[in-house]
Amino acid sequence: MEIEIVVYKGTKVMELSGEIDMYTSPELRKELMGLLQRKVSPLLVDFKEVSYIDSSGIATFVEGLKGIKTYGGRLKFFSIPDRIVEIFNFSKLDRVFEIYRNLDEAIKS
Amino acid sequence: MEIEIVVYKGTKVMELSGEIDMYTSPELRKELMGLLQRKVSPLLVDFKEVSYIDSSGIATFVEGLKGIKTYGGRLKFFSIPDRIVEIFNFSKLDRVFEIYRNLDEAIKS
Amino acid sequence: MRDSAIITIPSHPKYLSIVRAVTGKMAELSGMAESAIEDVKLAVDEACSNVIKHAYKGNVYQKIILRFKTSPKGFEVIIEDNGLKVHPESLVGRDLEDIKPGGLGIHFIKKVFDIFAFDEKKKKGNRLRLLRYIKGKDGD
Amino acid sequence: MRDSAIITIPSHPKYLSIVRAVTGKMAELSGMAESAIEDVKLAVDEACSNVIKHAYKGNVYQKIILRFKTSPKGFEVIIEDNGLKVHPESLVGRDLEDIKPGGLGIHFIKKVFDIFAFDEKKKKGNRLRLLRYIKGKDGD
Ligand SMILES: Nc1ncnc2c1ncn2[C@@H]1O[C@H](COP(=O)(O)OP(=O)(O)O)[C@@H](O)[C@H]1O
Ligand SMILES: Nc1ncnc2c1ncn2[C@@H]1O[C@H](COP(=O)(O)OP(=O)(O)O)[C@@H](O)[C@H]1O
């Protein structure tokens, strides 16, 4: 897994790539918690290059969402590969996370 | 490994994809020998989608080259990924096989 | 030996990518559909993550053994550890409506495997048997 | 158990893709450079192909055991079979100038592994030890 934080039109975007599992999710968690500490909002997450996510990765994002909500922030996901959409749907998390098709839709909404 | 035989401007092109190893090379050998039986020439082989080749795959092509030469035919390889070029070079087979950058160069020469 | 493979790895999360690679290849060799292969990789990853977290309490230097078997009956994975015994009553995923971190692993495992059973005869540690029956062409 | 993995497979060529997957992942975990990883995958594939062809004479239902170990010293793979004993004097690749099918496997193995040694103490079958020393950044 690789994490890059870029700023697009003034908005922070976390670009993820590779596999998010029990081995790599602690690094994701650290990065996420760092951003929440600084009360970043909205925080966009680009899933385009994510090839795998397991329950530890999902748990990390559920925790991140809870954290960002404590200060009224918003967490937005976009460009999620079909396979991962399927996993979110199965876990009923498609109703919990804000999910957008692409960066522009995520920024605008 | 997948094999597809297409005809491009009257020339037979074997399009290979995937991994050529001891498991898959017997199928390659069968296909190749079938074409040699019909004295096909030139026979072009497109390596673009080949992700792996081991010594059994190489042996199959060395055998194919010997066979095609018995009737004065030509075997031409093109679009070989760097990694596989490296293997051919190491095996000193770059001097034995006719290797071209792309389909057009292979056809023209 | 045929239609089977065994891997032994340390209980360190960095080996999960190896578990997924082998699981995926074995599922492929069994002729499973692409989407089911992905589900099976996730399920076996989750089962091993659970061994690390729960049976070994995060000790990353213990041993996990995975035995894969494909047969006309189905695709079987047996996962063994020498950790703490599972309490069968604890083996429940969270209510999917109750959004909180954790509690999804068992759901992912049961989504794709028809049998999820700990072998009660094993004295020390655990032996989890996962079996997915062969499905029809569009079986999921 | 740490920094190691063991796989046991049938001596069928269809398991070579699993061997390559595990070899690649273990080499990755050892921090090896990308091009060396590819060489190591090819080398271990060739060593297993040789077990199938020469030690087991094409019998695809025998057993091959591969032990991987990464250490500060290097990347080690030990390959065991219960087949016919290797005759050390037969272990020669062909002259690379003498173009003919076959005889490349040993060259590919020795290209990337610094040690290629059959354990003479093994009574039945063979135990091949392959070791690649840790190289500097641009070591090949
Ligand atoms: N291999 C195991 N050994 C012991 N307990 C386990 C094992 N797998 C699962 N459990 C129990 O089942 C519960 C639910 O597991 P799971 O759905 O994977 O969620 P999580 O691991 O995130 O809690 C765990 O919290 C644990 O109590
Ligand atoms: N595992 C093995 N068991 C027995 N003999 C072997 C083994 N590996 C290699 N050999 C011998 O070494 C020779 C050279 O091997 P190699 O370079 O891989 O070429 P090939 O297998 O194509 O002949 C083989 O022909 C065989 O006689």
Side-chain angles (χ1 to χ4, degrees), chain C residues 1-32 34 37-38 40-41 44-45 48 51-52 55-71 75-83 124-125, chain D residues 1-32 34 37-38 40-41 44-45 48 51-52 55-71 75-83 124-125:
Chain C
M1 184 180 195
R2 67 173 81 185
D3 300 325
S4 57
I6 306 169
I7 60 169
T8 306
I9 52 159
S11 54
H12 192 295
K14 69 183 171 186
Y15 292 87
L16 291 172
S17 65
I18 293 182
V19 166
R20 293 194 295 274
V22 175
T23 304
K25 293 277 178 197
M26 284 301 292
E28 225 178 286
L29 289 181
S30 82
M32 204 181 283
E34 185 56 44
I37 292 176
E38 290 305 313
V40 160
K41 278 163 72 173
V44 176
D45 169 313
C48 292
V51 169
I52 301 172
Y56 286 134
K57 296 281 174 211
N59 181 336
V60 298
Y61 302 125
Q62 299 302 307
K63 200 187 274 188
I64 306 177
I65 305 174
L66 294 100
R67 292 164 207 279
F68 298 87
K69 200 175 192 108
T70 67
S71 73
F75 180 78
E76 187 178 61
V77 188
I78 291 170
I79 303 173
E80 276 187 42
D81 65 66
N82 294 308
K124 206 187 158 298
Chain D
M1 184 180 196
R2 65 172 83 185
D3 301 325
S4 57
I6 307 168
I7 61 169
T8 307
I9 50 159
S11 54
H12 192 296
K14 69 183 171 187
Y15 291 87
L16 292 172
S17 65
I18 293 182
V19 167
R20 293 194 296 273
V22 174
T23 304
K25 293 277 177 196
M26 284 302 292
E28 225 177 285
L29 290 181
S30 83
M32 204 180 283
E34 185 56 45
I37 293 177
E38 290 305 313
V40 161
K41 279 162 72 172
V44 177
D45 168 313
C48 292
V51 169
I52 302 172
Y56 287 134
K57 296 282 172 212
N59 180 337
V60 297
Y61 301 124
Q62 299 303 306
K63 202 187 274 188
I64 305 176
I65 304 175
L66 294 101
R67 293 165 207 278
F68 298 86
K69 199 173 194 114
T70 68
S71 73
F75 181 78
E76 186 179 60
V77 188
I78 291 171
I79 303 173
E80 275 186 43
D81 65 66
N82 293 308
K124 207 188 158 297

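Since we're looking at a predicted model, the values are computed, not measured. To find a chain, count down the sequence lines: A is the first, B the second, and so on, and within it residues start at 1.
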* Asked: Top residue by heavy-atom pair count (under 4.5 Å) with chain C, among D:A5, D:S4, D:S11, D:A21?
  -> D:S4

* Spacing of C:Q62 atom CD and D:R2 atom CZ [to the nearest 0.5 Å] -> 10.5 Å

* **Least distance between heavy atoms, D:M1 atom then C:P10 atom** => O-CB, 3.3 Å

* Between C:L29, C:V22, C:I6, which has the largest tally of heavy atom pairs under 4.5 Å with chain D? -> C:I6

* Can you establish whether the number of heavy atoms outside D:K41 located under 6.0 Å from its atom NZ is more than 12? => yes

* Asked: For D:M26, does its backbone N or O pair with a side-chain atom of C:Y15 as donor and acceptor, under 3.5 Å?
  -> no

* To do: Kindly indicate, with the supporting measurements, whether the criterion side-chain contact (heavy atoms from CB on, under 4.5 Å) is fulfilled by D:D3 and C:K14.
  => CA-CA 10 Å; D:D3 301 325; C:K14 69 183 171 186; 3.8 Å; yes

* C:I9 portion near chain D, given a 4.5 angstrom heavy-atom threshold -> both

